[in-house]
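Written below as structure tokens is the structure these notes are about.
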Protein chains: 2
Amino acid sequence: MGTTQLEAAPEPKYWHLKTVISEALDSEFAVGEILPNERELAARFGVARATLRQALDQLELEGRLQRRRGVGTTVAPPRVGVDVSTTQHAWPGAGEDTWQSVDCAADTAPPAVARLLDIQLGERVHIVRRLRVTDGRPVAAELLYVPASSVPGLVDADATDGPTRARAVLRALRQLDLDGQDRAVELGSARADDARELDRLPGSPVLVVTTRYLSGGGTAAVSVATYRADTCRLTFGDSGDLAMAS
Amino acid sequence: MGTTQLEAAPEPKYWHLKTVISEALDSEFAVGEILPNERELAARFGVARATLRQALDQLELEGRLQRRRGVGTTVAPPRVGVDVSTTQHAWPGAGEDTWQSVDCAADTAPPAVARLLDIQLGERVHIVRRLRVTDGRPVAAELLYVPASSVPGLVDADATDGPTRARAVLRALRQLDLDGQDRAVELGSARADDARELDRLPGSPVLVVTTRYLSGGGTAAVSVATYRADTCRLTFGDSGDLAMAS
DNA sequence: AAGTGGTCTAGACCACGCG
DNA sequence: GCGTGGTCTAGACCACTTG
């Protein structure tokens, strides 16, 4: 019935390119090795630089490549598994060396967070900024929203912003009973400030982990953690770590 | 001390564009509404179409927009929360209406999966293909790898491939004792076949959920589930659902 | 057939890291 | 200063959906 063409195959060039480069990566390059520059690669494959970049974009998204302006494109190491399971950190700041408190401010929560916290829109919250570091590399930036009503022990006049205050808020939080927590993961793009902390460009893809900490029948705090999607694999293990390299 | 320029602000055009459009989306458009076409928008903002597209790309990545070739760009509904918590489905196929078995084949597992299953590279496994549907829309495509040794009751000569066999494998699996499971989430790009099932273009961003089912001191099965990143928010709730709309 | 988003080109200039 | 990746342009054609 009609033409017997096998496949019709109008496969996009960048898709084919991606496959070719991906295979070359497996067989001919070592982790950390630097690739020829984009103009060189484009010429070698006989395509425009934009097309070549489309292929590299995907490979970077998949965590196979790492690109740094002014430096070059290198072969990325396998993604690191970062534990995000609830059992690991009952309260933020309980036995943690992975997170380091950076700053703390008193402000109003954005509408979306206010809804999660079930508070009025103008209500003041402590906003703790933390950074998660693994192997000396930042992997996540977090904003922890704590309504003033959750930590009444904390005097607001204790106006020293900064790390000291951040730790004080966490300390107060730890004294509450944790009833449970909700968690959600979705794809996002890095805000400018997160991008800076994570050593990425604004808009780079990130995994956003939203956690709601429940205590005393209500939501005591909400954490919005932004993980680098290129380098991280989020693990929720009951048991050991599962490695998934190619 | 040098120039007192405030900000220096070489903020990329597409970034600024994205912000402007995002705000317009909040205030001037309803969910499902169709936007002006790309050429029109580009002209209106006085930029090249490629630049406009860079902004739309990001908004689509964030789940704010939905683009369909030949149709147009529409305002996306808020992401749906899909439950991926371990408590929900002890074994794949236990009390499930969310997943529908599509197919089953007997083949060898790819190296990465073989490593997770802790089996030899050439060893034969059952590969069950399933589709997760929510509100009539496909949200995830799964490949479930079950080593023949995990379900010895299943006769290989029972060679009917297809849904019937898929259900037989799941039935056999349910009779094992589940000791626990590992789970990991990472960013990926859709393979051609997954993309087709999910009604997306190849390469579109997806959230890959890898689950390892443990039984009898070993790994009885491995599931690789590919979720649409644009429309899905993966939830791991201890309790209710957490909504995070703008 | 017309209109949409998707792909591709061949250029240009800019921001950044490094020597 | 030089080489890198990042941004941007102004076109062209293709694949797809719909009336």
Side-chain angles (χ1 to χ4, degrees), chain A residues 5 7-19 21 33-61 64-76 189-190 192 195-196 199-205 230, chain B residues 5 7-19 21 33-61 64-76 189-190 192 195-196 199-205 230:
Chain A
Q5 53 187 175
E7 273 307 331
E11 186 183 63
K13 260 186 200 175
Y14 76 90
W15 185 264
H16 181 237
L17 253 186
K18 179 195 140 181
T19 311
I21 298 177
E33 194 168 345
I34 188 165
L35 267 61
N37 72 57
E38 298 184 349
R39 290 159 181 87
E40 160 81 26
L41 281 175
R44 188 179 301 184
F45 288 112
V47 299
R49 190 177 156 220
T51 306
L52 185 269
R53 275 181 64 79
Q54 218 175 333
L56 296 189
D57 283 346
Q58 287 224 10
L59 289 169
E60 193 181 25
L61 194 82
R64 308 281 317 267
L65 292 179
Q66 193 163 344
R67 294 194 279 185
R68 269 171 307 170
R69 167 151 52 176
V71 180
T73 302
T74 56
V75 181
S189 52
R196 203 176 329 108
D199 194 25
R200 297 256 58 199
L201 289 176
S204 27
D230 56 343
Chain B
Q5 54 186 175
E7 273 306 331
E11 185 183 62
K13 260 186 201 176
Y14 76 90
W15 185 262
H16 181 238
L17 253 186
K18 179 194 140 182
T19 311
I21 298 177
E33 194 167 347
I34 187 165
L35 267 62
N37 71 57
E38 298 185 348
R39 290 158 179 89
E40 159 82 25
L41 282 175
R44 188 179 302 186
F45 289 112
V47 299
R49 190 176 155 220
T51 306
L52 185 268
R53 275 182 64 80
Q54 217 174 333
L56 296 188
D57 283 346
Q58 286 225 7
L59 289 170
E60 195 182 25
L61 194 82
R64 307 283 316 271
L65 291 181
Q66 193 163 345
R67 294 194 279 185
R68 271 172 306 171
R69 168 152 51 176
V71 180
T73 303
T74 56
V75 181
S189 52
R196 201 175 333 105
D199 193 25
R200 296 256 61 198
L201 290 176
S204 27
D230 55 343

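Quick note on labels: first sequence line is chain A, next is B, and so on, each numbered from 1.
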Exercise. Hey, which of these two, B/Val71 or A/Gly70, hits DNA chain D nearer its 5' end, going by closest nucleotide?
Worked result: A/Gly70

For this session: Could you tell me the separation between the CZ atom of A/Arg39 and the C1' atom of C/dC14, rounded to a whole number of Å?
Result: 11 Å

Problem set entry | 5'-most by nearest nucleotide on DNA chain C - A/Arg68 or A/Gln54 | A/Gln54

For this session: Any chance you could measure B/Leu61, atom CG, to A/Ser204, atom OG, to the nearest 0.5 Å?
Result: 10.0 Å

Residues 40-53 of chain A side chain polar contacts: donor-acceptor under 3.5 Å, at least two apart:
from    : atom 1 : to      : atom 2 : distance (Å)
A/Glu40 : OE2    : A/Arg44 : NH2    : 3.0
A/Arg49 : NE     : A/Glu38 : OE1    : 3.1
A/Arg49 : NH2    : A/Glu38 : OE1    : 3.1
A/Arg53 : NH1    : A/Glu38 : OE1    : 3.2
A/Arg53 : NH1    : A/Glu38 : OE2    : 3.1

For this session: Take atom CG of B/Leu201 and atom P of C/dT4, then tell me their distance rounded to the nearest Å.
Result: 18 Å

Exercise. How long is the gap from OG1 on B/Thr73 to CD on B/Glu33, to the nearest 0.5 Å?
Worked result: 12.5 Å

Problem set entry | Gap separating the CD1 atom of B/Ile34 from the OG1 atom of B/Thr74, nearest 0.5 angstrom | 7.0 Å

Exercise. Out of curiosity, B/Thr19 OG1 to B/Tyr14 OH, how far, rounded to the nearest 0.5 Å?
Worked result: 10.5 Å

Exercise. In Å and rounded to the nearest 0.5 Å, what is the CZ to CG distance from A/Arg64 to A/Asp230?
Worked result: 14.0 Å

Exercise. So what does B/Arg49 hit on the nucleic acid, given a heavy-atom distance under 4.0 Å: a base, only sugar-phosphate, or nothing?
Worked result: base

For this session: Grab the CZ-C1' distance between A/Arg69 and C/dC16 for me, whole Å please.
Result: 6 Å

Exercise. Counting just side-chain N and O atoms, does B/Asn37 come under 4.0 Å of either OP1 or OP2 of C/dT4?
Worked result: yes

Exercise. CZ of A/Arg67 versus C1' of C/dC16: gap in Å, rounded?
Worked result: 15 Å

Seminar exercise, completed: Outer limits of DNA chain D sitting under 4.0 Å from a non-hydrogen atom of chain B, read 5' to 3', are D/dT7 to D/dT17

